[in-house]
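Remember, it's a predicted structure, so these values are computed and weren't measured experimentally.
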Amino acid sequence: MKVELDKTYDPAKGEAGIYKKWEESGYFNPDSLDLPSDAKSYTIILPPPNITAKLHLGHSAMLAIEDLIIRYKRLRGFRTLWLPGTDHAAIATQNVVEKKILKEQGKTRHDLGREPFLKEVWSFLEKTQGEILAQTRRMGASLDWSRLAFTLDKQRQDAVKLMFKEMYDEGVVYRGERMVNWCPRCHSTLADDEVEHKEEKAKLYWIKYGPFVLATSRPETKLGDTAVAVHPDDKRYQKFIGQELDIEGVLGVFQVKVVADKAVEMDFGSGVIKVTPSHSFIDSEIATRHNLPGKKIINEEGEMMENCGKYAGMKTAVARDAIVKDMQDMGLIDHIDEDYIHNSARCYRCDSIIEPLPSEQWFIGVDKKVGRLGGKSLKERAIEVAWRDEITFTPDRYKKRYIDWMENLHDWCISRQIWFGHQIPVWYKDKEIYCGLEAPEGDGWRQDADTLDTWFSSGMWSFSTLGWPDNYVNGKKIGDLAKFHPTQVLETGYEIITLWVSRMIMMSLFALDEVPFSQVYLHGMVLDKNGKKMSKSKGNGIDPLEMIEKFGADAVRLSLLMGFTPGNDAKFSEEKIETKRNFVNKLWNISRFILATIEVEKKENNTITEEMPGAKTLADQWILSSLQSTIEVVSKNLDEFNFSVAADALDDFTWNKLADWYLEIAKIEKNKEEILMFVLRKLLIIWHPFTPFVTERVWESFNSNLLMVEKWPELRENSDKASLINQEFQFIQEIVIAIRNARSNNKIEPTKKLQAVIYAHDSEKLLIDNQEIIKNIKTGIDSLEIKNAGEKVDEAIYIVSGKFEIYLLGGIDSEQEKSRLVKEHANLEKLINLQIAKLANEEFVGRAPANIVQAEKDKLENYQKEFVKIKQAIIEL
RNA sequence: GGGCGCAUAGCUCAGCUGGUUAGAGCACUUCGUUUACACCGAAGGGGUCCAGGGUUCGAAUCCUUGUGCGCCCACCA
């Protein structure tokens, strides 16, 4: 039978059906793959998207890359597992839902209360999670849905509790009163890397402070001052160091001590700073070094506390104005800088100004030496595995960034005063404290109200998804954990190295004493066409679903895979997707043409063979050897994560070699069914990881088995013959292009036939063997004479190169022809002079390798030959 | 303040360990409905590879300085 494909590829027509077919086959699940028992595993755990909103293009890029890797490895015979999941994203989700209920119901979470609020959160996330999973399927992601996980489902809750308890028992998790980043809006602590620093203009107040004048941007914190500090080497203030001073303040006179500390910069301001140990990180450190008391004056609401007299209850910003006014009345303000630029710390989720506060919180001690880590700390082990290349980074510059960041890591504050998340598994009763998986027996126990930082649970993602702790018995991995951990590669965005990658490494080392993955591949950000981050508020985003509907999932995938290099951001536009849609259609039409020329019977494993079909002509040999080297290049670059390079090579083979040349030749030489079929099969297989839908759809038109689990073509060295074949075919191509060029140049009607005489120097046989190609492949030659050499032909268009001479009869436009020859002549003259100069340079001839010098000599010789002939032709014209 | 990245055709980018007349796609010009594809085909125009200096027989490629843009980290009261 003949297979007939539609004239243009319509992605909408088949994508959903194909995805369903894949899913129903069960092959997304590695347990269903038909593999030898010793087949190696290849695992990627999907970075779980936050359930705060539906997916954006960045997620699509991630899915395209990971699905590419997984499909490639599956075709290569690996036991591939790509495990899906979503992230509860504690604080982010809570913020979104808080905004939602405020808008819809006019209520805060406190109006609702903990349980009703959490109910709202769960119904919200059910909806977004559904959207996210649907979008993921639309991209064609071959994820094992049977292992779908959520960072806050029952299994993960159990894992988190146990992890917390084990860390608590080892003393890695501890509770302590420390300075924390406090977001008054979220009413919670934040980790250091959840704080963003934004440059902005503020006022800098120069205030009279006892014998000093000093600068501060936060005069209201004066109420919490317990010292002033100067640099130990500052000559101006030597005599004050160690003194107790009486300072006049808005609430009366108070005492401060003068201390000397190197943290103070002499050149900034007046070189004197007021020290507010309870509301500044730097001041807190100074206070610790000098044993200074702290005085807390701002509460968790961001309000001045009762100990602030008449300012009590005011928000800090209000109190600041009030205090400044009072100080002015008292003559305590020296002057005010109105446009002082400084960095303000803000919450990465709600943009509120961060208030540093002392607070009792839970921490992970990254410097705590741990028995199970061989007496080393989490930090030490996490750095060590990178140095030893137990984990490698692509691009490798991120290894340094990772290590730098790790080395500066402070203890990680993990408790959050929000409701949505893993509640801390600790119970209190009077002075007693209990950490465990369940509430302790007996009355009067009260569970810690706080929840865990979202990165605590996502840090466990590599192994909590694979069945830890159930699959970890007496220090031995069993089940999925044994089969799939450590995973092979973590593919994620570089912006998340510190937040997530590092946490995963520490958590896995602690729980299993092994790395979570052996490679980290980092992709860049998808920017809009002006190079700006896409964001909802800017309205410059592109909705992936809309693009899929318009151009198809394959086109969207290709547009995110090509033109992206590892770790670098890339600009993106709808036009780019459009060009990829065009390519997908080209691939479809190549298939359409081949299938239309061939009788095929739809059957299982349709005539697939590792044996190359016999090549009858040069073109046959050429396309087969090109295919072979393309397979090599694509495989190598996929192995090295150079996805764009791999796709470029495939694109070049498909369009420039197969479609533009071989298919045209097939129309001329005929009887190529076997080779066309062979090439089409291989082509569909190697394109499949990039464009799974269109390839599967073509495949299913003549196969009853699935392309998805086909076998990747074998790699073999291209024979020495390949380079000769290539050279010979290129020779034919040069002649064809030269003839077309001459036609175009002389403005010859496309339908007008020409006569040609070719002097082939020593390649007469080669050209005669391929004369049908030369005559018919868009060259319009009706009679062709080929000889090794011969007489000049009059009244003909003359084309000369180092390798051949062509005379074209029947269409000459003398003017055009002359100007073309003159141009060519001038160009050659330039080249010849360049070569002569090069070869006259004794140092070049003396020092450069002999083969390079010889090549340059040959080049010159060829130029000179052409030059002479062209000169002659111009004269005669 | 410390670190990293980028600078190549109008646009988006390739150019690995230095060696053809520096490439591709889009855009542009001319021509084309020869039945796979106009989401196409053929031919063509377009670049002192950011600037200065250095290494080398030879530099877009290596070193150095500078300029411009972008990012990360730290942070100034």
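Among the atoms of the strands shown, only primed sugar atoms or phosphate atoms (P, OP1, OP2) are found under 4.0 Å from some heavy atom of A:Gln835. Contacts of A:Lys576 with the nucleic acid, taken as non-hydrogen atoms under 4.0 Å apart, are absent. Using a 4.0 Å heavy-atom distance criterion, A:Tyr209 is classed as making no nucleic acid contact. When heavy atoms are screened at a 4.0 angstrom cut-off, A:Lys667 is found touching base atoms of the nucleic acid. Heavy atoms of A:Ser573 sit nowhere under 4.0 angstrom from any nucleic acid atom. At a threshold of 4.0 angstrom between heavy atoms, the contacts of A:Glu265 include nucleobase atoms, whether or not backbone atoms are also involved. Contact annotation for A:Ile737: backbone-only contact, meaning every heavy-atom pair under 4.0 Å involves sugar-phosphate atoms and none involves a base. At a threshold of 4.0 angstrom between heavy atoms, the contacts of A:Lys7 are confined to the sugar-phosphate backbone, with no base atom among them. Among the heavy atoms of the strands lying under 4.0 Å from A:Asn841 are primed sugar atoms or P, OP1, OP2 only; no base atom is included. A:Glu664 comes within 4.0 angstrom of a base, heavy atoms only. Contact annotation for A:Lys778: backbone-only contact, meaning every heavy-atom pair under 4.0 Å involves sugar-phosphate atoms and none involves a base.
B:rG15 and B:rA7 are spaced 15 Å apart, taking the C1' atom of each and rounding to whole Å. A distance of about 35 Å separates the P atoms of B:rA42 and B:rC6, rounded to the whole Å. Distance check on atom P: B:rC50 versus B:rU33 gives 43 Å, rounded to whole Å. Nucleotides B:rG25 and B:rA14 place their P atoms 16 Å apart, quoted to the nearest Å. B:rA9 sits 12 Å from B:rC28 when the C1' atoms are compared, rounded to a whole Å. Rounded to a whole angstrom, the distance from the C1' atom of B:rA43 to that of B:rG53 is 44 Å. Taking atom P on both nucleotides, B:rC11 is separated from B:rU17 by 27 Å, rounded to a whole Å.
Nearest to the side chain of A:Ala659, among B:rA36, B:rG44, B:rC57, sits B:rA36. Picking from B:rC37, B:rC13, B:rC75 the nucleotide with the shortest atom distance to the side chain of A:Asn343 gives B:rC75. Which of B:rA77, B:rC37, B:rA14 sits closest to the side chain of A:His342 comes down to B:rA77. With distances taken from any side-chain atom of A:Ala848 to the nucleotides B:rG19, B:rA36, B:rA43, the minimum falls on B:rG19. Taking only side-chain atoms of A:Asp660, from C-beta outward, the nucleotide of B:rG41, B:rG19, B:rC39 with the closest atom is B:rG41. Listed nucleotides B:rU21, B:rC26, B:rA77 differ in distance to A:Thr579; the shortest reach to its side chain belongs to B:rC26. Of the candidate nucleotides B:rA14, B:rA43, B:rG19, B:rG19 has the atom lying nearest to any side-chain atom of A:Ile852. Among B:rC75, B:rG19, B:rC4, the nucleotide with an atom closest to any side-chain atom of A:Ile282 is B:rC75. Comparing B:rC40, B:rA43, B:rA77 by their closest approach to the side chain of A:Ile273 singles out B:rA77. When the nucleotides B:rA43, B:rG5, B:rC57 are ranked by their closest atom to the side chain of A:Phe844, B:rC57 comes out on top.
Here A:Asp782 does not pair with A:Lys775 in a salt bridge; the nearest charged N to carboxylate O distance is not below 4.0 Å. At a threshold of 4.0 Å, the pair A:Glu856-A:Lys838 counts as salt-bridged, since one of the basic side-chain nitrogens sits closer than that to a carboxylate oxygen.
For B:rC39, the base has a donor-acceptor partner in the side chain of A:Arg581 [N/O atoms by modelled type, under 3.5 angstrom].
In A:Glu861, the CD atom is not crowded: 12 or fewer heavy atoms of neighbouring residues, nucleotides or ligands sit closer than 6.0 Å. Within a 6.0 Å sphere centred on NZ of A:Lys379, heavy atoms belonging to other residues, nucleotides or ligands number more than 12.
Residue A:Asp337 contributes atom CG, which lies 13 Å from atom P of B:rA77 at whole-angstrom precision.
A:Ser502 and A:Thr498 get closest at one heavy-atom pair: OG-O, 2.6 Å.
The cationic atom of A:Lys667 (NZ for Lys, CZ for Arg) lies less than 6.0 Å from the six-membered ring centre of A:Phe593 and within 45° of the ring axis.
Comparing A:Tyr9 and A:Gly271 by the nucleotide of RNA chain B that holds the closest heavy atom to each, the one mapping nearer the 5' end is A:Tyr9. Toward the 5′ end of RNA chain B lies the nearest nucleotide of A:Trp655, the other residue of the pair A:Trp655 and A:Arg401 mapping further downstream.
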